[in-house]
Novice: 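Here it is, the structure, as structure tokens.
Remember, it's 1-based here, ligands and their atoms both numbered in the order they're listed.
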Amino acid sequence: MQTKASGISSELRSRFASARSVLVLTGAGVSAESGVPTFRGGGHTTLWKGMPFNVLSLSRMIESDLAAVWEWFNYRRGVLQTLKPNPAHQAIANWRRRFEEFCLVTQNVDGLHHAAGSVDVIELHGNVWRGRCLQCGSRYDLRALGTREGVPSCPECGGSLRPDVVLFGEMLPLGAFEQAAAKAENCDLCFVVGTSALVYPAASLPEIASTSGAYMVEVNPERTPLSDLCHEVLCGPAGEILPLL
Ligand code: OAD
């Protein structure tokens, strides 16, 4: 079923009122109305200092030019610093208190769910506001470390820090997917918000929820490969649709 933003069905309202366990998977689209560019929305590859961002975000850049990776992520944090959560982030943050069990899984690294008040967020792709030591694995809040030029060092062991995000070609943080998959298996209502559903394993979470019998709802202005397995596709911007629930 495909519905316009204003048309939240009575079926969904009733499922929302009675759901015991809810899982929400978000992607770049949930932050679009905050001004964060999506990955696949623009139709062209973003260049930064002459280098395409998908090259800058390759895992091999950590070995070949860690300073350039930091410069790129410092730039991204500088942009994010000026942006605020939107009504979609806020609605999701409020949902936590409504359900017996609630799990928010995001592919975003921008930290805007936390800024809106969400807690216990499963961040499948890491967070740009954290650094991780290449030597001892310690993690740091980069805001507490302060901004620096060049490659920051680990206060514990002196090793080089890297941004604590998943770069192209890297594994997800240990246990993050497994934890999310267990929640997906047990939810009775699943929202898929603002993701093109092209990147795995994140995109397999709604498939797990669907196979396990959850009521599936997609929120996106465009159809995705997951639309056909959803009971409802709410076609429009997340910042307008989610607050209606
Ligand atoms: P994409 O850029 O692939 O998809 C963004 C989705 O958001 C599209 O389906 C849009 O139609 C939708 N969208 C745009 N504006 C929206 C709005 N206002 N409300 C709701 N939806 C909206 O982003 P992701 O699916 O998040 O991985 O991309 C997944 C992963 O691909 C990213 O986490 C990143 C990238 O490779 C890593 O960096 C490891």
Novice: Pull out every atom of ligand 1 sitting under 4.0 Å from any heavy atom of P221, numbered as shown with elements.
Specialist: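 Every atom of ligand 1 under 4.0 Å from some heavy atom of P221: 13 (N), 16 (C), 20 (C), 21 (N), 22 (C).
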Novice: Going by the atom numbers of ligand 1, which of them fall below 4.0 Å from some non-hydrogen atom of V166?
Specialist: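 That gives atoms 39 (C) of ligand 1.
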Novice: Run the numbers for me: atoms of ligand 1, each under 4.0 Å from some heavy atom of T195, listed by number.
Specialist: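 Counting from 1, the qualifying ligand atoms are 6 (C), 9 (O), 24 (P), 25 (O).
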Novice: In terms of side-chain geometry, is the basic nitrogen of E71 or R76 positioned less than 4.0 Å from the acidic oxygen of its partner?
Specialist: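 So E71 does not pair with R76 through a salt bridge.
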Novice: With respect to atom 30 (C) of ligand 1, which of V199, L242, V193, T224 exhibits the smallest heavy-atom separation?
Specialist: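 That would be V199.
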Novice: Check this for me: R60, atom CZ, are more than 12 non-hydrogen atoms of other residues, nucleotides or ligands nearer than 6.0 Å?
Specialist: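 No, CZ of R60 has 12 or fewer neighbouring heavy atoms, counting only those of other groups under 6.0 Å.
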Novice: Hey, looking at atom 12 (C) of ligand 1, which of L124, N220, L172 has the closest heavy atom?
Specialist: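 The residue whose heavy atom sits nearest atom 12 (C) of ligand 1 is N220.
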Novice: Under a 4.0 angstrom heavy-atom cut-off, which atoms of ligand 1 come close to A28?
Specialist: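 Listed by number with element: 23 (O), 24 (P), 26 (O).
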Novice: When rounded to the nearest 0.5 angstrom, what is the spacing between OG in S34 and CG in L80?
Specialist: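 Nearest 0.5 Å value for the OG-CG distance: 9.5 Å.
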Novice: Rounded to the nearest 0.5 Å, what's the gap from CG on L104 to CG on D120? Could you check?
Specialist: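 The distance works out to 10.0 Å.
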Novice: Of all the atoms in ligand 1, which lie at a distance below 4.0 Å from a heavy atom belonging to A32?
Specialist: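 Those atoms are 15 (N).
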Novice: For T224 and E218, which I'm curious about, is there any donor-acceptor pair between the side chains at under 3.5 Å?
Specialist: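 Checked: T224/E218 side chains pair up, N/O donor to acceptor below 3.5 Å.
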Novice: Say you draw a straight line from NE2 of H89 to CG of N94; how long is it, rounded to the nearest 0.5 Å?
Specialist: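 If we round to the nearest 0.5 Å, H89:NE2 and N94:CG are 13.0 Å apart.
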Novice: When only distance counts, is G194 in polar contact with ligand 1, meaning an N/O pair under 3.5 Å?
Specialist: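 For ligand 1, there is an N or O atom that lies under 3.5 Å from one belonging to G194.
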Novice: Have a look at ligand 1 and work out which part of S196, if any, has a heavy atom under 4.0 Å from it: side chain, backbone, both or neither.
Specialist: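 For S196, the contact with ligand 1 is made by both the backbone and the side chain.
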Novice: With atom 29 (C) of ligand 1 as the reference point, say which of E240, R223, Q107 has the nearest heavy atom.
Specialist: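 Result: the heavy atom closest to atom 29 (C) of ligand 1 is in Q107.
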Novice: Of all the atoms in ligand 1, which lie at a distance below 4.0 Å from a heavy atom belonging to P237?
Specialist: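 Checking each atom against P237, I get 17 (C), 18 (N), 19 (N).
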Novice: Judged by modelled atom types alone, do E232 and Y215 share a side-chain donor-acceptor pair under 3.5 Å?
Specialist: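 On atom types as modelled, these side chains qualify, holding a pair under 3.5 Å.
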Novice: Please identify which atoms of ligand 1 are closer than 4.0 Å to at least one heavy atom of E33.
Specialist: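 Once the distances to E33 are compared, the set is 17 (C), 18 (N), 19 (N).
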Novice: I'd like to know if the side chain of E33 reaches the main chain of G239, judged simply by a donor and an acceptor atom lying under 3.5 Å from each other, with no hydrogens or angles considered.
Specialist: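 At least one qualifying donor-acceptor pair exists.
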Novice: Using a strict cut-off of 4.0 Å, indicate which atoms of ligand 1 neighbour a heavy atom of G27.
Specialist: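 Contacts of ligand 1 toward G27, numbered from 1: 26 (O).
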Novice: Looking only at side chains, do N186 and S21 share a donor and an acceptor under 3.5 Å apart?
Specialist: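 Short answer, no.
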